[in-house]
Amino acid sequence: AASDVYKRQVATDGNTLSYSLGTTTDKDRLSIDTTSGAVTFKTSPDFEKPTDADKNNSYVIEVIATDSAGNQATQEVTITVTDVAENPIVSSKEASEISQLVASLGGTVTDQGGAPVTERGIVYALKSAQANLVLNAANTTTVKMGTGIGAFEQEIAGLQASTEYVYAAYATNTSGTGYGTVKTFTTLDLLTPTISFTDITDKSYGDASFDLGATSNSDGAITYSIVSGGTGTASLSVTNNKTVTLGNAGTVKIKATQAAEGRYTGNTKEITLTIGKAKLTVTANAGQTKVYGATDPTLTYTVTGYANGDTEADIDALSIARALGEDVGSYTITPAATDTNYTIAIETAEFEITKAVLVVTADDKTRKYGEDNPVFTFSYSGFMGNDTEAVFSTVPTAYCSATVNSPAMTVGILASSATAANYDVTFENGSLTIEKADLIVRAIDKQKEAGESNPVLEIDYSGFVNGDTCLLYTSDAA
């Protein structure tokens, strides 16, 4: 500050003196009190920036003293400004490049204060801490940023998001520490990370384990968990539960949880894992048959496509049946199955009922020579169940070549013609035995007188058929 740099001299004769400055080159930089004679700088001198005419910090003035009688005395006075150390002059820079956790802070040393600046930097604190922003004060943080005059700035990391801070630049020399104006700034709110994690729809029951792969614009660790609400099952394992082992078919809800990191908050995202059903094929075995009238065999099938080591015992329901019917023909065999984890494909086959063997046997018959052939009859072997001759669509017939005139002999009876839908009919022949007809040859009673010759002996026949006469005989009666 301006101060007295020159004191007046008192008059020895008791007259009152008045003072003024003469016309020197430096007089405009100083002023003099006319009564007291005290000389002061109009503006405090700066050793580093001298304003005297010779720029050497020596200010030359002429002091004129005038007494009450008008007498004057003049004296040239040289005022020398010496270099005295002061606190540096520093200004605080407005905060810049403010983010969630980082801000750029600094200042400018505009005057070293007459001694070199040996340390400069910033002091900052939470505004809520109401700290005294001086070096080493409680609840403050100091960041050193070099030495000397000029601008300085540095990125300050490790700040808290959404927080108001105060700070001031400082500079220190041998005289002390100067501080800039206290500035205020607020860090940005934490960002919500964007997690890329989409529904998984390409997995089926029995597929191999796989790793989840959520990504994010944050570096925070991502862990996984299963949340309730799905219809299927799965398990998670390995680091951060990233490996999925599939269970039952259905839906599984999986949540990705990302930890807060840097300028990002934590976040979560849920997806749906859809475990599709595996394909299971149930095939009715081909070539299954039975003979008409027999009991059905146990129907069989083949299953292909089991996953996860499953067997038939693991299938919810599995059966097989054929179309109804017992007549000869083809009947479709159809398996049926249901299961939580499988889409069932059914492949049918044909069940064949083949004809039973029915043997039609012409019954053996007997008749006498000359008689008409008897009614031919049949015996049957092979009817199934309660079947009778009623099953014939064409009844059996018999043929025999014998006629009433056929001599005594054995003649075949040929069975034929019978058909039945459910039978393969075979025939066995019978035989017709033609027996000799009964012929009674009776001698006719005769009489004679004693001594007479025998009468002509005669024979009476009874039983000739077919117009036969005794002429058929090969010998006479004796």
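For the single chain, residues carry numbers from 1 onward in sequence order.
Using a 4.5 Å heavy-atom cutoff, the side chains of P88 and D111 are not in contact. Contact of the I275 side chain with the N248 side chain is not registered, since no non-hydrogen atoms from C-beta on lie closer than 4.5 Å. Residues T24 and Y59 fail the side-chain proximity criterion, which asks for heavy atoms closer than 4.5 Å. In this structure, the side chains of Q112 and R120 stay at 4.5 Å or more apart for every pair of heavy atoms. Side-chain contact check for D26 versus I79: every heavy-atom pair is 4.5 Å or farther apart. Residues L190 and Y264 are not in side-chain contact: their nearest non-hydrogen atoms beyond the backbone lie 4.5 Å or more apart. Taking 4.5 Å as the limit, some side-chain heavy atom of L280 sits within range of a side-chain heavy atom of I315. I61 places a side-chain heavy atom less than 4.5 Å from the side chain of V39.
With 3.5 Å as the limit, one finds a donor-acceptor pair spanning the side chains of T251 and T231. Between the side chains of T361 and S379, no donor-acceptor pair is found at a separation under 3.5 Å. Counted by atom type alone, E153 and S104 present one or more donor-acceptor pairs between their side chains at under 3.5 Å. Side chain to side chain, D310 and Y342 meet the donor-acceptor criterion of an N or O pair below 3.5 Å. There is no side-chain donor-acceptor pair under 3.5 Å between Y331 and D296. There is a side-chain donor-acceptor pair under 3.5 Å between E350 and T332. Defined by atom type and a distance below 3.5 Å, a donor-acceptor pair is present between the side-chain atoms of T300 and N285. Q100 and T187 share no donor-acceptor pair across their side chains, judged by distance under 3.5 Å alone. A donor and an acceptor atom, one from each side chain of Y165 and Q160, are nowhere located under 3.5 Å apart. Of the N and O atoms on the side chains of T394 and S417, not one donor lies less than 3.5 Å from an acceptor on the other residue. Under 3.5 Å, the side chains of T118 and T147 contain no donor-acceptor pair of N or O atoms. Side chain to side chain, D316 and T340 meet the donor-acceptor criterion of an N or O pair below 3.5 Å.
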Next on the checklist: side-chain hydrogen bond (donor to acceptor under 3.5 Å, both in side chains) for Y292 and D387? Distances and angles first, verdict last.
Outcome noted: CA-CA 11 Å; Y292 168 77; D387 286 352; 2.8 Å; yes
Next on the checklist: Between T348 and T334, is the side-chain hydrogen bond (donor to acceptor under 3.5 Å, both in side chains) condition met? List the steps.
Outcome noted: CA-CA 5 Å; T348 62; T334 305; 5.6 Å; no
Item to check | Verdict with reasoning, T40 to S31, per side-chain hydrogen bond (donor to acceptor under 3.5 Å, both in side chains) | outcome: CA-CA 5 Å; T40 59; S31 62; 3.1 Å; yes
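Looking at K253 and E270, no side-chain N of the basic residue comes within less than 4.0 Å of a carboxylate O on the acidic one, giving no salt bridge. With salt bridges taken as basic N to acidic carboxylate O contacts below 4.0 Å, one links E326 and K290. Salt bridge present: K183 and E94 bring a charged side-chain N and a carboxylate O closer than 4.0 Å.
Among residue pairs with one or both ends in residues 216-236, those qualifying as ring pair (Phe, Tyr, Trp, His ring centres under 6.0 Å) are F197-Y224; sequence neighbours excluded.
Between Y380 and F392, the distance from one ring center to the other falls under 6.0 angstrom.
Here CG of N57 is found 6.0 Å from CG of D52. Values are rounded to the nearest 0.5 Å. How far CD1 of I64 is from CG of L17: 13.0 Å, rounded to the nearest 0.5 Å. With values rounded to the nearest 0.5 angstrom, Y306 atom OH is found 5.0 Å from E312 atom CD. Rounded to the nearest 0.5 angstrom, T141 OG1 and I156 CD1 are separated by 9.5 Å. Taken to the nearest 0.5 Å, the OG1 atom of T233 stands 8.5 Å off from the CD1 atom of I226. Atoms OG1 and OH, from T172 and Y179 in turn, are 6.5 Å apart once rounded to the nearest 0.5 Å.
One N or O on the side chain of T388 and one on the backbone of A390 form a donor-acceptor pair closer than 3.5 Å.
Among all heavy-atom pairs drawn from G206 and N308, the shortest one is CA-OD1, 3.5 Å.
Under a cut-off of 6.0 angstrom, the local environment of NZ in K269 is crowded, with over 12 non-hydrogen atoms contributed by other residues, nucleotides or ligands. Residue-environment remark: NZ (K355) exceeds the threshold of 12 foreign heavy atoms within 6.0 Å.
Using cut-offs of 30° and 60° on the angle between ring planes, the pair F383 and Y423 is perpendicular.
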